[in-house]
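Notes follow the structure.
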There are 4 protein chains.
Amino acid sequence: MSKKKLNVGMVGSGFIAKVHSNAFRQVGHFFDIPYEVVCKVICGRNQEKLDVAASRWGWSEVEIDWRKVVARKDIDAVDIAVPNALHSAIAIAAAEAGKIVLCEKPLAASLEEAEIMTKAVERVPNLVWFNYRRIPAVVLAKQLIAEGRIGQPFHYRALYLNQSGNDPSKGNTWRYKRSEAGMGAAGDLLSHVIDLAFYLNGSIQQLSAMMHTFAPGRDVDDATLLMARFDNGSIGTFEASRYGVGCQNRNAFEINGSKGMLSFTLDDMNQLDFFDATEPVASRGGRRIAVTALAHPYGENFWRPGHVLGYEHPFIATLGDFLNSIARQEPFHANFADALAVQRILHAIERSSASRGWVNADGQPA
Amino acid sequence: MSKKKLNVGMVGSGFIAKVHSNAFRQVGHFFDIPYEVVCKVICGRNQEKLDVAASRWGWSEVEIDWRKVVARKDIDAVDIAVPNALHSAIAIAAAEAGKIVLCEKPLAASLEEAEIMTKAVERVPNLVWFNYRRIPAVVLAKQLIAEGRIGQPFHYRALYLNQSGNDPSKGNTWRYKRSEAGMGAAGDLLSHVIDLAFYLNGSIQQLSAMMHTFAPGRDVDDATLLMARFDNGSIGTFEASRYGVGCQNRNAFEINGSKGMLSFTLDDMNQLDFFDATEPVASRGGRRIAVTALAHPYGENFWRPGHVLGYEHPFIATLGDFLNSIARQEPFHANFADALAVQRILHAIERSSASRGWVNADGQPA
Amino acid sequence: MSKKKLNVGMVGSGFIAKVHSNAFRQVGHFFDIPYEVVCKVICGRNQEKLDVAASRWGWSEVEIDWRKVVARKDIDAVDIAVPNALHSAIAIAAAEAGKIVLCEKPLAASLEEAEIMTKAVERVPNLVWFNYRRIPAVVLAKQLIAEGRIGQPFHYRALYLNQSGNDPSKGNTWRYKRSEAGMGAAGDLLSHVIDLAFYLNGSIQQLSAMMHTFAPGRDVDDATLLMARFDNGSIGTFEASRYGVGCQNRNAFEINGSKGMLSFTLDDMNQLDFFDATEPVASRGGRRIAVTALAHPYGENFWRPGHVLGYEHPFIATLGDFLNSIARQEPFHANFADALAVQRILHAIERSSASRGWVNADGQPA
Amino acid sequence: MSKKKLNVGMVGSGFIAKVHSNAFRQVGHFFDIPYEVVCKVICGRNQEKLDVAASRWGWSEVEIDWRKVVARKDIDAVDIAVPNALHSAIAIAAAEAGKIVLCEKPLAASLEEAEIMTKAVERVPNLVWFNYRRIPAVVLAKQLIAEGRIGQPFHYRALYLNQSGNDPSKGNTWRYKRSEAGMGAAGDLLSHVIDLAFYLNGSIQQLSAMMHTFAPGRDVDDATLLMARFDNGSIGTFEASRYGVGCQNRNAFEINGSKGMLSFTLDDMNQLDFFDATEPVASRGGRRIAVTALAHPYGENFWRPGHVLGYEHPFIATLGDFLNSIARQEPFHANFADALAVQRILHAIERSSASRGWVNADGQPA
């Protein structure tokens with residue numbers, strides 16, 4: 001009995017398109033999914049680069065005009081892997097054409113776009129690639145919180161640091177231009193941090209933020225700092241920076257609760273640190289959990305206990321869960337609505353930074 | 001040839017008085033000092049506790065009334081190791097009596113007191129026990145910064161977390177009462193963090209802060225968060241909390257600069273992490289420096305390379321440096337003026353938290 | 001221009017067959033190879049399991065009899081992923097049929113078999129899956145040694161610990177039976193350790209070993225310890241155990257040389273620790289190198305700096321290098337001859353353990 | 001009520017004499033002891049050095065001839081802090097004079113001497129400074145083992161590495177001469193490791209060892225390796241080296257048992273790692289216990305939770321326990337008999353290394 005084919009059209013051919021391509025290629029190897037994923041067409045503006053990508057990853061066809069991809073009847077899903085400012089038009093057109101829509105984060109270059117996009121996809125299955133939600137250690141953190149293992153949360157503390165902004169070879173790409181990216185470190189890095197905060201600790205009520213640009217003449221933030229109050233009564237500090245020299249990809253969070261602490265950093269993505277404050281004092285301590293056991297999230301999908309995962313596996317898991325959610329008609333997260341909530345916080349951050357005061361989650365003065 | 005005697009009168013008999021006593025007892029064993037330190041009199045309100053402390057640490061006499069200690073002609077130095085609200089009267093009286101004055105941190109329970117105290121001690125040698133400045137790893141960080149090893153600073157990130165506030169056995173001591181402590185986590189913990197920031201990264205220009213109390217009915221902050229701009233162009237995030245469950249005494253800082261990163265945590269106080277971004281990419285990485293070599297700060301004073309120091313050694317080093325500075329008539333830091341600068345920031349934090357906006361270092365709206 | 005097809009027949013359908021399948025599927029995505037790898041036929045004894053594996057990984061055909069696979073003219077390469085005692089017959093038949101031969105480690109269940117196999121494959125391209133040689137951090141260690149960064153080696157120290165032997169659910173598989181595995185921890189775990197030692201530190205001259213079985217009635221070693229002298233004048237300690245409770249997959253080595261130290265553990269496979277003893281004392285320390293930069297081994301093949309690899313990537317790199325070596329007619333390692341050298345040491349270990357004395361690398365009394 | 005005076009005469013004025021002096025000075029500050037320890041006389045061959053030491057540490061008198069110290073009626077205890085080959089004569093004379101005898105490790109330069117010394121001290125309280133037994137983390141390890149927390153031990157793995165042998169400034173001291181030290185790394189470093197193994201894991205039954213000298217012309221071992229069988233059925237690997245470049249004072253052990261693992265390293269002496277294999281798989285992991293709580297060994301003696309200890313504190317604790325054991329007429333360990341057991345193993349190691357075979361604990365071929 002053969003599976004239903006799912007023809008994918010991907011718009012984009014850069015680094016993240018490579019990562020998505022890998023997920024499409026690998027998802028069937030590690031997840032029981034009700035579709036045969038077909039890498040049908042890859043779309044981009046550079047023909048040569050496109051041919052290479054198609055050949056390397058086995059996309060059957062190449063296409064220069066994304067509108068043609070969206071218009072094709074034989075395409076079931078459109079995946080958007082292009083700079084932020086281009087997300088909106090493609091997502092809306094794809095949704096209107098009834099396609100399943102997958103979109104890279106951050107959802108859009110502005111809150112307005114994000115709102116329109118989210119409305120547009122209401123009737124189609126939709127996903128935003130907040131991949132870090134599906135790191136096994138992060139899912140385990142979520143489970144431990146849900147089980148009450150850390151009790152009432154007091155502090156949420158997160159940062160995402162890389163050193164790209166200080167690197168002359170990178171500072172001139174689309175990520176450093178407001179017209180193409182919308183924001184700098186906030187959109188690129190902090191969006192992940194905020195999404196994880198929502199996932200793990202719930203909604204943010206109020207915040208006070210500072211956006212800062214170190215490089216002269218650059219029109220996006222190089223670093224964004226904020227303090228926040230969560231609906232659950234905890235308070236948070238956040239930091240995202242492209243001037244975190246010494247850190248290549250440090251996406252980390254810590255939560256202190258009445259019964260314990262959780263710590264995670266992407267540098268050691270196969271590990272979760274858990275301090276159980278309910279243990280007897282003499283033998284308690286922060287446990288370094290190697291989150292690779294069969295009993296762990298996605299433990300049955302990939303390798304064996306003690307056999308670590310890499311950067312790409314959470315993308316594969318995201319896609320696997322998404323495809324199953326479609327078939328089962330179950331809700332999937334992070335979807336466009338989830339990403340819109342993140343975008344609202346990014347917007348509120350801009351408002352707070354400009355007004356130098358506290359704002360509510362909707363950006364209004366608090 | 002015998003050394004000049006330095007008769008010390010100590011006011012206080014609690015935990016920190018024990019730590020100071022140890023410093024007085026040990027300083028001559030590890031530092032070449034021009035005095036014979038004499039533990040002359042220990043003063044406190046509880047006679048029984050006092051007798052025990054005197055007997056244990058070899059204080060020759062005990063005294064109930066600190067005014068008598070200050071008035072004694074044979075006392076050369078007065079050390080203040082009592083709750084914050086009591087610092088002021090003792091320090092002023094001791095200074096007026098011409099004594100050398102040593103005072104536990106934070107300097108006072110209010111900015112007003114701190115200002116008066118600082119003025120009062122202008123003509124006598126004075127010290128505030130910001131002990132963490134003399135951890136060898138912290139001094140090494142200072143040296144590396146001074147040598148330009150991390151280049152232009154971008155980010156300063158520091159926190160001090162313990163879990164005392166969440167501990168029913170502790171929440172009722174003087175440290176949790178505004179009348180005796182002045183502030184909560186801010187005075188107790190953040191004062192150290194701010195002092196180290198001054199020491200390592202210079203003055204704070206502006207800040208926005210949030211003070212928060214988790215425990216119902218408590219009139220001091222359980223946690224204080226802030227964002228700051230430094231005079232050197234870097235930006236900072238700070239956090240101090242007594243609800244950092246899982247952390248017993250985590251006083252940590254990180255600095256990202258154009259050429260490298262420094263990281264320190266009191267949990268591993270004999271180590272300093274240094275990432276040198278000027279090294280070739282292929283072999284660069286964060287170095288964990290065991291700061292125990294003879295070539296390191298205080299390396300000649302204590303043990304041998306690889307033989308670690310403990311909590312009390314920075315107190316001994318503080319005292320050793322102070323006594324030598326007196327004899328050589330050289331400036332000593334941290335003194336009352338340094339501690340006053342910290343107190344100003346604490347005051348500005350209170351203002352910012354109350355007004356929910358940015359303030360300058362003097363507490364005025366920015 | 002289409003590439004030459006390379007039709008692969010794989011014998012085996014267990015865990016390691018899954019890992020190999022993944023390598024065949026992924027190699028073209030990350031390596032420029034001169035072949036189109038075709039997953040032609042998968043062979044195993046359990047039809048149901050075979051069908052699942054074929055469907056999951058896209059093997060075009062299934063086959064019960066490995067002799068038929070080897071005999072097929074359209075098969076270019078035979079990959080052996082079955083229990084150790086079965087390697088020999090398949091490898092010899094495949095080599096005689098002129099196939100490219102890939103074989104899981106350890107090469108064989110006995111030295112005699114290994115010798116015959118190695119002779120048999122002399123005229124065909126051959127590979128043994130000593131995958132850990134191609135962990136970027138391990139290759140970087142090799143490069144640093146070659147550059148003289150650790151100077152003259154003094155100590156080589158390695159261990160490989162898991163806890164499988166103490167796990168009732170595992171103790172009854174083929175890996176715990178002499179008839180199928182040949183050896184226990186020595187063949188399973190120590191073979192990797194010895195191969196890495198050869199790769200990084202050269203040949204072993206003499207050794208004294210102890211093999212030990214904790215489980216009553218088991219006829220293979222649960223743990224093997226040895227001391228060794230290397231040809232380069234350094235001395236080594238080795239340990240492999242299935243009773244390393246607390247360790248799931250700890251494959252670690254350390255080398256102390258006159259100029260520095262290297263440390264690696266598979267638990268943190270994206271990192272290499274390097275202590276450069278030629279640095280000034282005050283700022284030297286063990287560097288934790290995140291081996292994910294473009295300048296690092298395989299840095300251009302997989303993701304971006306700071307984007308970590310997982311368990312499967314070294315297998316992909318092994319295959320990528322092998323396929324290129326065939327096309328370029330260049331030597332490839334680890335091949336059967338390399339694996340035979342490991343097998344000789346395993347044999348010498350058995351002799352030493354039995355005789356309770358030192359032996360040479362050939363197993364003769366030293 | 002004043003305490004009984006305990007007049008101490010110390011023979012030695014080098015580094016370890018400084019450490020012992022500190023212990024005598026500090027013991028009364030942290031331990032309730034039934035004596036007033038009096039630093040009466042310090043004895044050494046270099047008058048100038050002696051005067052400095054006496055002045056620095058407050059020894060009332062200096063003496064050139066140890067025989068005079070031993071002969072003094074007013075001396076209650078003799079502490080031996082001189083090179084190994086001198087221990088024997090002093091210890092025997094002191095014991096014959098009825099003194100309490102404290103001796104630095106290793107006990108002697110030869111097994112013969114150690115046996116005579118041990119016999120000589122039978123009637124007097126005696127101590128050997130195996131200080132690492134009283135690191136709180138080590139005592140906690142002992143407690144956890146006694147409580148059955150790691151179950152049946154399988155593996156004991158220990159090493160002690162420094163880099164002194166490769167340091168031209170050190171290679172010419174008494175520690176590198178057979179006539180003064182007896183042995184090299186084995187006596188200096190491995191003696192600690194063996195003592196801890198006895199303390200934590202019981203007696204060694206059989207062993208096979210290799211002693212190795214890297215430096216041409218040196219007549220003691222630079223490194224010693226061994227494999228061992230313990231009476232409790234576990235097996236062990238040991239390594240001590242002065243060529244462990246990159247390690248300054250790494251004294252580490254690991255124990256794998258049926259229910260868990262313990263790991264310790266002197267580099268992080270305030271921490272003990274404990275893996276509890278009886279925890280549910282999903283949330284288990286190696287716990288890093290900060291061994292500074294009041295509930296921990298010596299937690300009431302020194303500072304507060306989260307306030308770390310340094311190199312000297314285990315010496316103070318050793319002395320505190322010893323003085324109390326004398327007053328209570330209770331057994332004390334490590335005493336001369338314990339140190340003799342270590343010396344027997346060192347002797348067996350020499351035999352095994354020479355014969356290149358396994359030996360029993362008594363050095364006879366096994």
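In what follows, chains are A, B, ... by sequence order, proteins preceding strands, each numbered from 1. Please read these numbers as outputs of a predicted model, since none were measured by experiment.
For a residue to count as touching a neighbouring chain, one of its non-hydrogen atoms must lie under 4.5 Å from one of that chain's; by this rule C/Ala209 touches chain D with the backbone only. Looking at C/Phe214, only its side chain comes within 4.5 Å of chain D, counting heavy atoms on both sides. Within the 4.5 angstrom heavy-atom criterion, only side-chain atoms of C/Gln163, from C-beta onward, approach chain D. With a 4.5 angstrom heavy-atom cutoff, C/Leu161 touches chain D only via side-chain atoms. Contact of D/Glu254 with chain C is made through the side chain alone, with heavy-atom distances under 4.5 Å. Proximity to chain D is limited to the side chain of C/Gln206, based on heavy atoms less than 4.5 angstrom apart. Of the atoms belonging to C/Gln248, not a single heavy atom falls under 4.5 Å from chain D. Interface remark: C/Ile255 contributes no atoms to any contact with chain D (heavy atom separation under 4.5 Å).
Contact count against chain D (heavy-atom pairs under 4.5 Å) is highest for C/Gly246 among C/Gly151, C/Ala223, C/Gly286, C/Gly246. Of the residues considered (C/Leu159, C/Asp276, C/Val245), C/Val245 shows the highest number of contacts with chain D, using heavy-atom pairs under 4.5 Å. Among the candidates C/Ser208, C/Ala277, C/Gly357, the residue making the largest number of heavy-atom pairs closer than 4.5 Å to chain D is C/Ser208. For the options C/Gln152, C/Arg284, C/Arg229, C/Lys259, heavy-atom pairs under 4.5 Å to chain D are most numerous at C/Arg229.
In summary, the side chains of C/Ser234 and C/Asn201 do present a donor paired with an acceptor at a separation below 3.5 Å, with no hydrogens or angles considered.
At least one side-chain heavy atom of D/Tyr156 sits less than 4.5 Å from a side-chain heavy atom of D/Leu196. Looking at heavy atoms from C-beta onward, D/Phe275 lies out of side-chain contact with C/Cys247 at the 4.5 angstrom threshold. A 4.5 Å side-chain heavy-atom check between C/Phe253 and C/Ser263 finds every atom pair outside the cut-off.
Under the 3.5 Å distance criterion, the side-chain polar atoms of D/Asp231 are left unmatched by any main-chain donor or acceptor of D/Gly202. Without hydrogens or angle criteria, D/Asp362 side chain to D/Gln364 main chain gives a donor-acceptor distance under 3.5 Å.
By the 30° and 60° cut-offs, the orientation of the rings of D/Phe238 relative to D/Phe230 is tilted.
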Query raised in the report: Can you list the steps and then say if C/Asp219 with C/Tyr176 is a side chain to side chain donor-acceptor pair (under 3.5 Å)?
Result: CA-CA 7 Å; C/Asp219 65 357; C/Tyr176 296 84; over 6 Å; no

